[in-house]
Amino acid sequence: MLKVYNSFTNQLETFKPINKRSVKMYVCGPTVYNYIHIGNARSVVAFDTIRRYLEYLGYYVTYVSNFTDIDDKIINEANKEGISYDVLTNRYIDAFMEDTAALNVKPATNNPRATEHIDDIIKFIEELIDDGMAYVSNGSVYFRAKKFKNYGKLSNKNIDELENGASQHITEAEANEKEDPIDFVLWKKVKLNEVYWDAPFGKGRPGWHIECSVMSNKYLGNNFDIHGGGIDLEFPHHENEIAQSESKNKEKFANYWLHNGFVTVGDQNEKMSKSLGNFITVHDLIKEVNPEVVRFLMSTTQYRRPIAYNQEKVTEAENNLKKIKNAYNNLEHRMSSADEGNDPKIDQEVRQIQANFQDAMDDDFNAQNGIAEVYELAKLGNIYSERDFVFDKTISLILNRLNELSSIFGIDLATEDLADDEVKSLIEQRNNARKNKDFALSDKIRDELKEKGIILEDTNAGTRFRREN
RNA sequence: GGCGGUGUAGCCAAGUGGUAAGGCACAGGUCUGCAAAACCUCGAUCAUCGGUUCAAAUCCGAUUACCGCCUCCA
């Protein structure tokens, strides 16, 4: 039985979806004014892994993740480059798609964009105004935070302290427009030379939080199962989403709030963030590091835990991933020399490992314990494939399970290509040389292939090969 | 200051009452023509102090260090 840590209650709760067989989830996506960094990617990967596990459990998952494609930073960056905002955002949306595909993130069911939902946003705001939950002030629209009785509930914030804090940060202009310092903007009045949309309350553009309320409601309904995002979004972004949506819909917004932990860098384990400037973009990183390794590193850490990013972690992930891949290759190679049939005892062990895996992942997607079971399975496979006699059905059972469980972490094992004729012929030549004890020649062939990234390994069941990248 | 989260072997990390999973690295061994891969062996009393208990890493209290949120941020 799946349990998830709900940030709203700060408790582990049994996961009960609204509909028995399906899960609706919304994950806050990036503001697209730059390449995503590995902290952003971590969030994407974390929820992709969660999604994959839900699908493994048999749920049909509707996965919606937005692009924030209009905001101050986008406008600033576009102005700096002297291009229109949408040229900029399209560039980085394309880059997002490429980068996340490289990390083997499954495409979302839908990636709605704020600017494509302006009409819906305006309607939503109008309803809030009509209801007295929002007010127009000098061409902008603000939400009366205090009027929403549960404001601060998600992030455990005290209203008085929030007001105190907020009052120190807002500009004089904002102070004049807001009834209360904690009120947040739904519609920003246009400034000179800015892109704007027409609305009944004036020319302007949507505030940040409103788009997620509008688009999640539109694509998933007023009440849906999971709302996810980085822990830094808990306040104010998610708090505001709840206030907006529940004020308008008069019903519960998301049932479970899941927040992922940060990627940190440096000796101080400092949060990686665009504003701190201490980030590594995925775009750059995957030129240096195999994206599979990056994916593995990120998805085998439980989503709420921080990841202290450094070279050691990368190396460790490389080694561990290689171990799983080797086990898979070793079994695949052994398949050709297997007898027909199965080994019930091993089959039972495989089933036990899978059950253990599920127990681990059912505990709030505990990936560390989950991947430990994958290592168990890999080890079992290695031990089995070195037996004198093996059965094909058991080998394929291990292969299938290994592939299935690894795929939850975004690792595809079943894509290794086969030896081409040239390689096959060289292997044959080398084995002839070995028979004739011409080890100089056999080693030469092996070294030459190694140069090309092809590793030969001699086993009792013949010579096997694998590619190393 | 408020709220949330961390502190377990060289490193990563599991474990929420019954004498510390797993991985990486290191070392030794088996196998091999040599190698590779694989397998086997090898390490910690759990930030500190105090308390509860027959029994605590695990509960309670205090202390301490670090991170995050409280303003844009995945």
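So that the names make sense, note that chain A is the first sequence line, chain B the second, and so on, each numbered from 1. Basis for what follows: all heavy atoms, side chains included, without hydrogens, waters or symmetry-related copies.
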So Asp458(A), base contact, sugar-phosphate only, or nothing? Heavy-atom distance under 4.0 Å. base

Opposite nucleotide pairing with rG1(B), Watson-Crick or G-U, both atom distances under 3.5 Å: rC70(B)

Below the 4.0 Å mark, does rA14(B) have OP1 or OP2 next to a side-chain nitrogen or oxygen of Gln368(A)? yes

Taking the P atom of each, how far is rG10(B) from rU45(B), in whole Å? 10 Å

Using only heavy-atom distances, determine whether the side chains of Tyr63(A) and Asp48(A) contain a donor-acceptor pair under 3.5 Å. no

Measuring to OP1 and OP2 of rC31(B), would you say a side-chain N or O of Asn460(A) lies under 4.0 angstrom away? no

Tyr5(A) has a side chain; which of rG5(B), rC66(B), rC24(B) sits nearest to it? rG5(B)

Need one value for Asn320(A): base, sugar-phosphate or nothing, where a base atom within 4.0 Å counts as base even if backbone is also close, heavy atoms only. sugar-phosphate

Pairing donors with acceptors under 3.5 angstrom, does anything connect the side chains of Thr49(A) and Arg295(A)? yes

Side chain to side chain donor-acceptor pair (under 3.5 Å) between Glu373(A) and Asn369(A), worked out: CA-CA 7 Å; Glu373(A) 296 303 326; Asn369(A) 283 341; over 6 Å; no

Asp364(A) CG to rG5(B) C1': how many Å, rounded? 14 Å

Using atom C1' of each nucleotide, how far apart are rC39(B) and rC31(B) to the nearest Å? 9 Å

Under a plain distance cut-off of 3.5 Å, with no hydrogens placed, do Thr31(A) and Asp71(A) share a side-chain donor-acceptor pair? no

Do you see a donor-acceptor pair shorter than 3.5 Å between the side chains of Tyr26(A) and Asn66(A)? yes

Does a nitrogen or oxygen in the side chain of Arg464(A) sit under 4.0 Å from OP1 or OP2 of rA38(B)? no

Ranking rA21(B), rC40(B), rA37(B) by distance to the side chain of Glu386(A), first place goes to rA37(B)

Quick one: is rC24(B) close enough that its OP1 or OP2 comes under 4.0 Å of any side-chain N or O from Lys323(A)? yes

Does OP1 or OP2 of rC34(B) have a side-chain N or O of Lys437(A) closer than 4.0 Å? no

I'd like to know if the side chain of Thr463(A) reaches the main chain of Asp458(A), judged simply by a donor and an acceptor atom lying under 3.5 Å from each other, with no hydrogens or angles considered. no

Nearest-Å distance once atom P is located in both rA21(B) and rU32(B): 33 Å

Contact class for Asp363(A) vs. all strands (heavy atom < 4.0 Å): base, sugar-phosphate, or nothing? sugar-phosphate

Both conditions, 6.0 Å and 45 degrees, for the charged tip of Lys153(A) above the ring of Phe8(A): are they met here? no

Would Ser43(A) and Asn260(A) count as having a side-chain donor-acceptor pair, cut-off 3.5 Å? yes

Pairing nucleotide - rA44(B), Watson-Crick or G-U, each distance under 3.5 Å: none

Is the phosphate of rG15(B) approached by Asn366(A) (side-chain N or O, under 4.0 Å from OP1 or OP2)? yes

Taking any heavy-atom pair under 4.0 Å as a contact, classify Tyr375(A): base, sugar-phosphate, or nothing. sugar-phosphate

With rounding to the closest Å, how many angstrom separate the P atoms on rA57(B) and rA65(B)? 25 Å

For rU30(B), the Watson-Crick or wobble partner whose two distances fall under 3.5 Å: rA38(B)

Out of rA36(B), rC34(B), rA38(B), which has the shortest distance to the side chain of Glu457(A)? rA36(B)

Paired to rU64(B) by Watson-Crick or G-U wobble criteria (both distances under 3.5 Å) is rG7(B)

Take the protein atom CD of Gln302(A) and the nucleotide atom P of rG5(B), then report the distance between them rounded to whole Å. 13 Å

Protein heavy-atom contacts under 4.0 Å, written 5' to 3' over nucleotides 69-74 of chain B as B (base), S (sugar-phosphate only) or - (none), form the string BSBBBB

Need one value for Gln168(A): base, sugar-phosphate or nothing, where a base atom within 4.0 Å counts as base even if backbone is also close, heavy atoms only. nothing

Check this one for me: any side-chain N or O of Asn326(A) less than 4.0 Å away from OP1 or OP2 of rA38(B)? yes

Once you apply the 3.5 Å cut-off to both distances, tell me the Watson-Crick or G-U wobble partner of rU52(B), or none. none

Nucleotide nearest Arg446(A) when distance is taken to its side chain, options rC34(B), rA14(B), rG33(B): rC34(B)

Using only modelled atom types and a 3.5 angstrom limit, is any donor from either the side chain of Asp443(A) or the base of rG33(B) paired with an acceptor on the other? yes

Roughly how many Å is it from OH in Tyr303(A) to C1' in rG5(B), rounded to a whole number? 13 Å

Could you walk me through whether Tyr85(A) and Asn79(A) pass the side chain to side chain donor-acceptor pair (under 3.5 Å) check? CA-CA 8 Å; Tyr85(A) 84 95; Asn79(A) 286 344; over 6 Å; no

Can you tell me if Asn382(A) touches the phosphate of rC39(B), counting only side-chain N or O atoms and a distance under 4.0 Å to OP1 or OP2? yes

